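Predicted model only: the values in this text are computed from it and were never measured. Every chain is numbered from 1 and lettered A, B, ... according to where its sequence line falls, protein lines coming before strand lines.
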Protein chains: 2
Amino acid sequence: MDPLNALTVFREYLTKFIVFDDAEWAIFKEHLGFRMLKKKKHFAEQGSVCNEFGFVVKGSVRYYYIKDGEEITNYFSFEKELVSSYKSFLTRQPGFNYIQALEDTFLITVSYHDLQAMLAHPLLAYKMERFGRLVAEYYLICYDDRMASFITKTPEERYLDLLTTGRDILQRMPQHYIAHFLGITPVSLSRIRRRILSVAK
Amino acid sequence: MDPLNALTVFREYLTKFIVFDDAEWAIFKEHLGFRMLKKKKHFAEQGSVCNEFGFVVKGSVRYYYIKDGEEITNYFSFEKELVSSYKSFLTRQPGFNYIQALEDTFLITVSYHDLQAMLAHPLLAYKMERFGRLVAEYYLICYDDRMASFITKTPEERYLDLLTTGRDILQRMPQHYIAHFLGITPVSLSRIRRRILSVAK
DNA sequence: CCAAAACGTTAACAAAAGATAAGGAATTGG
DNA sequence: CCAATTCCTTATCTTTTGTTAACGTTTTGG
């Protein structure tokens, strides 16, 4: 993956939240890192403080917890999405979840230290605060939608929703990860699929 | 409720996120509203754009959806907490949930229009962006914790957690609201309680 | 290329949750 | 103050999910 091209992709993505002029971008750029994460390697680990957030240029990751010795997948990120163990990153406390590359994954990263430097930089501070606000609001809304689906819908309904909106997840993730993402066991998801198929035909 | 005292409480609460000096506060204050919400009256309604966020000075509210004609309670806010139908407020689209006062509730409010004015005000813009970022990050973390509990825990475990951390909710909310908040039916919560009692003794 | 691991389905049984209804206690609203 | 409503529990029955295990298929990694 060509870093120059990756930067272009990232800058384009950021316009969703904020537009940096060339002078600002020149400074911003200097605070970025690049990271190649081999398949199955971790971006964040339980018990460790997450020191960076990332932007997926190519590849994908899953978020998971370990409960009773078992991995429970919680979330996924794909190309052109941000990645971080947000709580740990923001609070500087050890995190509870792992983030793992599911294929060779190329990331642009910003360390906590560099983010603070940009937030304190006279020429960037205002836009960085705004950027942070808009990103946090964006993810807040995502969480709100997801919480609502857990409160008001059955696992089967959540799976049906996913069928219409979860192209990447459905096509690129193994089913047992999807099951935990929906809040159920892999066996249960397999049964739901059969139920749906038998109704459909 | 005395508005002057309420403003003092609100200013103190805000220091959790940001400290306004007297000049800034003088401007900020002018953008606030006060609202008395009688028991059972709504702060936000399904299908309407939520035009304000609030700060609960006294009282409490619940958030709920209507699904298949039934009310499903999703969340609560008590004294010294913010209230809004966030997604609707932020996106200016009709919201999906109701917010209802559970007792006579006194709120300090900020309209979307006033918030935008403050975000655009030269003397406030920077701190308001920062304030917005920190608030959104705070709630992001709350959502993250709650999602994690739905993915990794059983309803019984979530109720046990609530017993240690949910004083306000347990003492001030009827049990059938708490049940939906935990993602289960009231009948099921009643059974869980019995199960716990029979184990405890 | 092959052995090992991972994956999805199915079955059988147990545990839990949903739906419905009934009864009694507590609350409420004129 | 009293009738009506709301609330919680309990019981019964149905549906769904969890658990464990087995089996065949696919994928993986040396």
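You'll find the side chain of F20(A) reaches within 4.5 Å of the side chain of L14(A), heavy atoms only. Counting heavy atoms from C-beta outward, E81(B) and F55(B) have side chains that stay 4.5 Å or more apart.
Between its two ends, the helix from dC1(C)-dG30(D) to dG30(C)-dC1(D) turns its axis by 70°, counting five pairs per end and rounding to 10 degrees.
From the 5' end on, the contacts that DNA chain D makes with chain A at under 4.0 Å to a non-hydrogen atom open and close at dT17(D) to dG29(D).
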- Message: As a quick check of understanding, evaluate side-chain contact (heavy atoms from CB on, under 4.5 Å) for T105(B) and K58(B), giving each step before the final call.
- Response: CA-CA 5 Å; T105(B) 296; K58(B) 189 77 188 66; over 6 Å; no
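Classification of R133(A) and E129(B) as a salt-bridged pair holds, one side-chain N sitting under 4.0 Å from a carboxylate O. In this structure, K38(B) pairs ionically with D104(B), as a charged nitrogen and a carboxylate oxygen lie closer than 4.0 Å.
Atom CZ in R193(A) sits roughly 8 Å away from atom P in dG8(C) (whole-Å rounding). Following rounding to the nearest Å, K38(B) (NZ) and dG29(C) (P) show an atom-to-atom distance of 12 Å.
Figure legend: cation-pi geometry between K16(B) and Y138(B), with NZ or CZ positioned under 6.0 Å from the six-membered ring centre and within 45° of its axis. Cation-pi geometry between R130(B) and F17(B) is not satisfied (NZ or CZ under 6.0 Å from the ring centre, within 45° of the ring normal). Cation-pi geometry between R172(B) and F78(B) is not satisfied (NZ or CZ under 6.0 Å from the ring centre, within 45° of the ring normal).
Among L102(B), I169(B), I72(B), the one residue that satisfies the side-chain contact (heavy atoms from CB on, under 4.5 Å) test with Y177(B) is L102(B).
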- Note on the structure: For nucleotides 14-21 of chain C, 5' to 3', base contacts (B), sugar-phosphate-only contacts (S) and non-contacts (-) with protein non-hydrogen atoms under 4.0 Å give ---BBBB-
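Both L189(B) and L189(A) lie near DNA chain D, and the one whose nearest nucleotide falls closer to the 5' end is L189(B).
With hydrogens and angles left out, the side-chain atoms of R193(B) and Y159(B) include a donor and acceptor closer than 3.5 Å.
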